[in-house]
Amino acid sequence: MTLDMSFFEEMEARIPKGQVRTRFAPSPTGYMHVGNLRTALYTWLIARKAGGTFIFRLEDTDQNRLVEGATEVIYKTMAECGLTHDEGPDVGGPVGPYIQSQRRELYSKYAHLLVNKGAAYCCFCEKCASEEDSGTFDRAEDPCRNLSTLTQASHLADGKPYVIRQRIPRTGTTTFHDVSFGDITVENSTLDDQVLLKRDGLPTYNFANVVDDHLMGITHVVRGSEYLSSAPKYNLLYEAFGWEIPTYVHCSPVMRDQQHKMSKRHGDPSYEDLIQQGYLTAAVLNYVALLGWAPKGDRAEQEIFSLEELVEAFDISGISKSPAIFDLAKLDYFNATYLRALPPEEFARAAEPYIRQTVKNPAIDTAAVAALLQARCEKLTEIPEKVDFFDQLPEYGVEYFTNKKSKTNPEVSREMLTAVLPALEGAAEWTLDTVHDTLIALAESLGVKNATLMWPVRIAVAGKLVTPGGAVELCHILGREETLRRLRLGLAKLG
């Protein structure tokens with residue numbers, strides 16, 4: 001087949017040089033799982049640390065697995081996480097298009113270039129589509145590998161369908177270098193002649209990656225360690241084309257436990273799931289950064305990083321080849337830390353929709369409720385259950401009034417509430433300070449510790465053993481009338 005070599009020269013001339021260029025290239029086949037988010041983050045950090053270019057590319061050649069709406073989910077996740085891209089389908093760039101299905105003609109040309117170079121061949125054997133996708137071929141050697149030029153030309157002239165396979169050397173070894181795993185050498189005899197171009201003219205994942213990464217000037221390729229086995233074949237493709245091999249960064253898997261990788265099929269959460277479960281984006285991103293990477297030097301002991309601090313601290317030498325276990329309890333710790341660090345007004349805005357799930361009464365000040373919660377919750381989704389009593393006093397038993405530490409029992413509590421009611425009824429105004437001062441003064445006049453008075457008041461107004469905030473704060477938020485109503489109910493319950 002005669003090829004127009006000027007086309008390849010023009011494509012080479014487009015490639016940006018002289019700077020770090022990385023890409024995140026997801027397949028729009030579902031939600032952004034944790035491992036995918038980590039790849040995006042590391043890829044973004046490498047580019048930002050070097051002052052380079054971060055590219056977003058969509059790999060949609062596997063048309064059978066595409067999920068409607070998945071592309072929008074990926075864009076939304078990247079935007080929420082602050083992982084902005086410099087080039088991509090939506091913003092353009094010098095080496096587009098950035099969607100693989102729109103680059104279809106490119107792959108055919110480069111596959112046939114390899115055929116001309118003797119590094120690939122046309123295979124006319126009848127095989128199922130799955131074999132074309134995977135490169136699986138259960139024979140010692142493909143019979144089409146050594147077809148004569150005449151026979152091959154005859155098949156092509158007859159319009160016989162074919163795939164293009166990589167011609168792997170049958171002898172020798174291939175060595176590739178990875179940042180985390182070092183040099184890895186494999187025997188070429190263990191590699192298969194993988195399919196590069198399928199019968200429908202679309203490339204396989206492995207071939208499209210190599211072509212696109214080169215033509216987009218990618219200097220660092222970040223991907224999961226499951227692709228280590230494909231790296232020798234990538235290297236052989238780069239060498240066959242005469243292209244420079246990028247820096248490989250293979251990341252070990254994120255594990256659910258010691259034996260099992262995280263998987264959506266097994267119910268492990270995606271990024272979207274985690275946000276719906278009440279985790280903050282910043283906390284998720286911080287935790288994901290540390291799943292397989294550790295800072296060095298002055299920051300070696302640091303755990304909490306803003307995105308800007310991650311850019312400053314990130315170094316690919318800190319990426320571990322050991323699998324990382326995703327620990328929800330650890331994520332809870334990160335999330336609680338981030339929640340507590342939010343400015344009060346920002347926390348109140350985040351908490352309000354969760355408060356309103358169970359507190360429907362518009363008279364209740366959600367900002368005041370949020371102030372009680374900020375230091376007392378690890379996830380936003382814990383909020384509705386913690387504050388439902390503001391809307392409606394739950395059923396509770398008399399035994400709640402007994403607390404050994406506060407030195408209360410039903411008799412003591414009855415005595416306390418009997419004294420509290422007239423004291424609060426006579427309060428000149430219903431401010432936090434007034435409620436506080438009234439109850440403290442009453443405890444002193446009764447000769448009891450504050451806790452002995454406050455425990456039965458809190459139980460009566462909340463009907464719960466554990467509440468965000470103490471008696472004073474709850475009374476203030478509930479207001480005079482509702483507080484006194486609940487105190488009377490509590491006193492009646494005590495007989």
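A quick note: this is a predicted structure, and the numbers were derived from the prediction, not measured. What you see below is based on every heavy atom in this structure, not just the backbone, and it leaves out hydrogens, waters and symmetry mates.
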Given Glu312, which partner from the list Arg299, Arg48, Lys49 fulfils the side chain to side chain donor-acceptor pair (under 3.5 Å) test? Arg299

Kindly give the heavy-atom pair with the smallest separation between [X] and [Y], and that separation in Å.
{"X": "Thr84", "Y": "Trp44", "result": "O-NE1, 3.1 Å"}
{"X": "Pro161", "Y": "Phe124", "result": "O-CD2, 3.6 Å"}
{"X": "Arg458", "Y": "Gly469", "result": "CD-O, 3.9 Å"}
{"X": "Ala324", "Y": "Gly292", "result": "CB-N, 3.8 Å"}
{"X": "Cys81", "Y": "Leu307", "result": "O-CD2, 3.4 Å"}
{"X": "Ile319", "Y": "Cys251", "result": "CG2-SG, 4.4 Å"}

Is it the case that the side chain of [X] and the backbone of [Y] share a donor-acceptor pair, with hydrogens and angles ignored and the cut-off at 3.5 Å?
{"X": "Asn335", "Y": "Leu280", "value": "yes"}
{"X": "Thr22", "Y": "Thr43", "value": "yes"}
{"X": "Arg38", "Y": "Val34", "value": "no"}
{"X": "Glu352", "Y": "Arg349", "value": "no"}
{"X": "Asn286", "Y": "Glu303", "value": "yes"}
{"X": "His214", "Y": "Val210", "value": "no"}
{"X": "Arg57", "Y": "Gln100", "value": "no"}
{"X": "Tyr162", "Y": "Lys198", "value": "no"}
{"X": "Arg167", "Y": "Arg145", "value": "yes"}
{"X": "Glu309", "Y": "Ser306", "value": "yes"}

Verdict with supporting geometry, Thr53 and Gln19, side-chain hydrogen bond (donor to acceptor under 3.5 Å, both in side chains): CA-CA 8 Å; Thr53 299; Gln19 64 169 177; 2.8 Å; yes

I'd like to check the side chain to side chain contact (heavy atoms under 4.5 Å, CB included) partners of Glu187; sequence neighbours left out, ordered by chain and number. Thr173, Ser189, Thr190

First locate atom [atom1] of [X], then atom [atom2] of [Y], and finally report the distance between them rounded to the nearest 0.5 Å.
{"X": "Ile275", "Y": "Thr77", "atom1": "CD1", "atom2": "OG1", "value": "8.5 Å"}
{"X": "His155", "Y": "Cys144", "atom1": "NE2", "atom2": "SG", "value": "6.5 Å"}
{"X": "Trp293", "Y": "Leu41", "atom1": "CH2", "atom2": "CG", "value": "9.0 Å"}
{"X": "Ile168", "Y": "Thr174", "atom1": "CD1", "atom2": "OG1", "value": "7.5 Å"}
{"X": "Cys377", "Y": "Glu385", "atom1": "SG", "atom2": "CD", "value": "12.5 Å"}
{"X": "Leu37", "Y": "Met78", "atom1": "CG", "atom2": "CE", "value": "8.5 Å"}

Test Tyr333 against Tyr287 for side chain to side chain contact (heavy atoms under 4.5 Å, CB included), laying out the working first. CA-CA 10 Å; Tyr333 156 76; Tyr287 181 56; over 6 Å; no

Look at atom CD of Glu345 and say whether more than 12 heavy atoms of other residues, nucleotides or ligands are closer to it than 6.0 Å. yes

Answer yes or no: does atom CG of Asp90 have more than 12 heavy-atom neighbours from other residues, nucleotides or ligands under 6.0 Å? yes

Answer yes or no: is there an ion pair linking [X] with [Y], defined by an N-O contact shorter than 4.0 Å?
{"X": "Arg170", "Y": "Asp193", "result": "yes"}
{"X": "Glu126", "Y": "Arg199", "result": "yes"}
{"X": "Lys109", "Y": "Asp4", "result": "no"}
{"X": "Asp315", "Y": "Lys296", "result": "no"}
{"X": "Glu80", "Y": "Lys76", "result": "yes"}

So, Phe207 versus Tyr110, ring centres under 6.0 angstrom or not? no

Centre-to-centre under 6.0 Å for Tyr227 and Tyr205, is that the case here? yes

Sequence-distant partners of Arg23, side chain to side chain donor-acceptor pair (under 3.5 Å), two or more places apart: Asn209, Asp213

Check the pair Asp192 / Arg165 against salt bridge (charged side-chain N to carboxylate O under 4.0 Å, His left out), numbers first and verdict last. CA-CA 9 Å; Asp192 64 301; Arg165 290 183 176 276; 5.4 Å; no

Just checking, any donor-acceptor pair under 3.5 angstrom between side chains of [X] and [Y]?
{"X": "Asp212", "Y": "Tyr107", "value": "yes"}
{"X": "Thr175", "Y": "Asp183", "value": "no"}
{"X": "Asn235", "Y": "Tyr248", "value": "yes"}

Thr204/Asn206 under side-chain hydrogen bond (donor to acceptor under 3.5 Å, both in side chains): CA gap, chis, key distance, verdict: CA-CA 6 Å; Thr204 55; Asn206 288 336; 5.8 Å; no

Trace of the side chain to side chain contact (heavy atoms under 4.5 Å, CB included) decision for Asp332 with Tyr279: CA-CA 8 Å; Asp332 288 347; Tyr279 295 100; 2.6 Å; yes

Evaluation steps, ring-ring contact (aromatic ring centres under 6.0 Å, His included), between Phe389 and Tyr396: CA-CA 11 Å; Phe389 66 88; Tyr396 66 97; over 10 Å; no

Only one of Asn361, Leu474, Thr358 forms a side chain to side chain contact (heavy atoms under 4.5 Å, CB included) with Phe390, so which one is it? Leu474

Going through the distances and angles, do Ile304 and Tyr338 end up as a side chain to side chain contact (heavy atoms under 4.5 Å, CB included)? CA-CA 9 Å; Ile304 305 301; Tyr338 272 86; 3.9 Å; yes

Stepwise side-chain hydrogen bond (donor to acceptor under 3.5 Å, both in side chains) test for Thr39 and Asn36: CA-CA 5 Å; Thr39 299; Asn36 228 10; 5.0 Å; no

Side chain to side chain, [X] and [Y], heavy atoms closer than 4.5 Å:
{"X": "Met32", "Y": "Ser270", "result": "no"}
{"X": "Phe56", "Y": "Tyr98", "result": "no"}
{"X": "Ser320", "Y": "Ser252", "result": "no"}

Which is it for Glu239 and Ile245 under the side chain to side chain contact (heavy atoms under 4.5 Å, CB included) test, yes or no, and what are the steps along the way? CA-CA 8 Å; Glu239 290 168 1; Ile245 297 170; 4.3 Å; yes

